[in-house]
Amino acid sequence: MVILYEVHNNLYVNMTNRCPCACTFCLRQTRDEMNDSGSLWLEREPTVDEVKAEFEKFDIDKYDEIVFCGFGEPTERLDDVLKVCRFIKEKYNKKIRVNTNGLSDLIYGRDTAPMFEGLVDVVSISLNTPDKERYLELTRSKFGIGSFDAMLRFAKNVKRYVGEVILSTVATTLSTEEEKKCAEICAEIGAAYRIRPWED
Ligand code: SF4
């Protein structure tokens, strides 16, 4: 199973294939791997100890960041992800980023933002669009039309607990006017806005 894989100067962590969304643009629909990682489809979810043991196989010093992002939504295993974050901080003291759809409050039915404190440095959330109806069309979130507002609420809340919150959209998918609206949403929340290249 591919639990850790390299992308550019970072080491990515693949802990689950679960996700409450079925995004129309999800790369999982058209490929099995990223950057020659080998298949990111897991035979089963690795235990926390198995994930920790994988780190022994890599030279952690050479990476800029450890990024929780695989073929699934990392916060589907938030407790376990945070256990691994604690291990990474204690053993390697590396910068940690979680790439998420921002729907963890809906997954757990509570405010999850405080759980990130002291363990995660950067939370990067897929904003996708400035419009809640369009967001649902794109993500096909199982939580329905409330998903967009819940994602923004999480983004605003988690800003209080981590150093950097980034909301991103994908280049070429929005009009200039829509990107301007996204930038305004980010400014209101106090998050950075990033237009990321396709497949990043
Ligand atoms: S949230 Fe991410 S993993 Fe889930 S369906 Fe969308 S793109 Fe794929």
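Side-chain atoms are counted along with the backbone in the values below, which use heavy atoms only and exclude waters and symmetry mates. What you are looking at is a predicted structure, and each value in this text was computed from that prediction instead of being measured.
To the nearest 0.5 Å, atom CG of residue L136 and atom OG1 of residue T129 are 11.0 Å apart. In this structure, OG1 on T169 lies 5.0 Å from CG on L174, to the nearest 0.5 angstrom. Note: S147 OG to L106 CG = 5.5 Å, rounded to the nearest 0.5 Å. Atom-to-atom distance recorded for M151:CE and N128:CG is 7.0 Å, nearest 0.5 angstrom. Rounding to the nearest 0.5 Å gives a distance of 10.5 Å between OG of S175 and NZ of K180. Here NZ of K142 is found 10.5 Å from CG of L103. Values are rounded to the nearest 0.5 Å.
In summary, the side chains of D32 and W41 do present a donor paired with an acceptor at a separation below 3.5 Å, with no hydrogens or angles considered. Checking S168 against Y193 by side-chain atom types alone, no donor-acceptor pair falls below 3.5 Å. Between the side chains of S39 and E33, not a single donor N or O lies within less than 3.5 Å of an accepting N or O. For S126 and N101, the side-chain atoms include no donor-acceptor pair closer than 3.5 Å.
Put simply, the side chain of Q29 gets close to the backbone of C26: a donor and an acceptor are under 3.5 Å apart. Remark: the backbone N or O of V2 is paired with a side-chain donor or acceptor of N14 at under 3.5 angstrom. At distances below 3.5 Å, at least one donor-acceptor pair connects side-chain atoms of R140 with backbone N or O atoms of A22. No donor-acceptor pair under 3.5 Å is formed between the side chain of N157 and the backbone N or O of A113. At least one donor-acceptor pair under 3.5 Å links the side chain of E50 to the backbone N or O of T47. For N9 (side chain) and Y63 (main-chain N/O), no donor-acceptor pair under 3.5 Å exists by modelled atom type. A donor-acceptor pair under 3.5 Å links the side-chain atoms of R28 to the main chain of N17, judged by distance alone. With hydrogens and angles ignored, the 3.5 Å screen pairs no side-chain donor or acceptor of N99 with any backbone N or O of I125. Between the N35 side chain and the S37 main chain, no donor and acceptor come within less than 3.5 Å of each other.
A salt bridge is defined here as a Lys NZ or Arg NE, NH1 or NH2 lying under 4.0 Å from an Asp or Glu carboxylate O, and D149 with K132 meets this definition. With salt bridges taken as basic N to acidic carboxylate O contacts below 4.0 Å, none links K83 and D49. For the pair E45 and R77, the salt-bridge criterion is met [side-chain N within less than 4.0 Å of a carboxylate O]. In this structure, E178 does not pair ionically with K181, as no charged nitrogen and carboxylate oxygen lie closer than 4.0 Å.
Under the 4.5 Å side-chain heavy-atom criterion for Ile, Leu, Val, Met, Phe, Trp and Tyr, I60 and L4 are members of the same hydrophobic cluster. V170 and I195 sit in two unconnected hydrophobic clusters of ILVMFWY residues. Membership requires side-chain heavy atoms under 4.5 Å apart, directly or through other members. Under a hydrophobic-cluster definition in which Ile, Leu, Val, Met, Phe, Trp and Tyr are linked whenever side-chain heavy atoms come within less than 4.5 Å, directly or via other members, V123 and I107 are assigned to the same cluster. Tracing side-chain contacts under 4.5 Å through hydrophobic residues (I, L, V, M, F, W, Y), one never reaches L42 starting from L27; they form parts of separate clusters. Residues F148 and L138 do not share a hydrophobic cluster, defined by chaining ILVMFWY side chains whose heavy atoms lie under 4.5 Å apart.
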Go through the steps to decide whether V122 and V98 satisfy the test side-chain contact (heavy atoms from CB on, under 4.5 Å), and finish with yes or no.
CA-CA 6 Å; V122 184; V98 175; over 6 Å; no
Give the C-alpha distance, both sets of side-chain angles, the deciding distance and a yes or no for side-chain contact (heavy atoms from CB on, under 4.5 Å) between L152 and L167.
CA-CA 9 Å; L152 289 183; L167 264 58; 4.0 Å; yes
Run the numbers on N10 and I66 for side-chain contact (heavy atoms from CB on, under 4.5 Å), then give the verdict.
CA-CA 6 Å; N10 299 325; I66 308 298; over 6 Å; no
Give the C-alpha distance, both sets of side-chain angles, the deciding distance and a yes or no for side-chain contact (heavy atoms from CB on, under 4.5 Å) between V51 and V13.
CA-CA 8 Å; V51 179; V13 190; 4.1 Å; yes
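Other residues, nucleotides and ligands contribute more than 12 heavy atoms inside 6.0 Å of the NZ atom of K94. With a 6.0 Å radius and a threshold of 12 heavy atoms from other residues, nucleotides or ligands, E188 has its CD atom at or below the threshold.
Each of T75, L78, V158, V81 was scored for a side chain to side chain contact (heavy atoms under 4.5 Å, CB included) with T100, with one residue passing: T75.
The two residues E164 and K95 come nearest to each other via the heavy atoms OE1-NZ, 4.3 Å. The heavy-atom pair separating T112 from S104 by the smallest distance is OG1-OG, 2.7 Å. Contact detail for E73 and C19: the closest heavy-atom pair is CB-SG, 3.8 Å. Nearest heavy atom pair, residue I96 against residue C85, reads CD1-O, 3.6 Å. Counting all heavy atoms, side chain and backbone alike, D105 lies closest to F154 at OD1-CD1, 3.8 Å. Across C186 and A192, no two heavy atoms sit closer than the pair SG-O, 4.0 Å.
Two residues are said to be in side-chain contact when any heavy atoms from C-beta on lie closer than 4.5 Å; Y12 and F68 fail this criterion. Contact check for M15 versus V84: side-chain heavy atoms found under the 4.5 Å cut-off.
Aromatic ring centres of Y5 and F58 lie farther apart than the 6.0 Å criterion allows.
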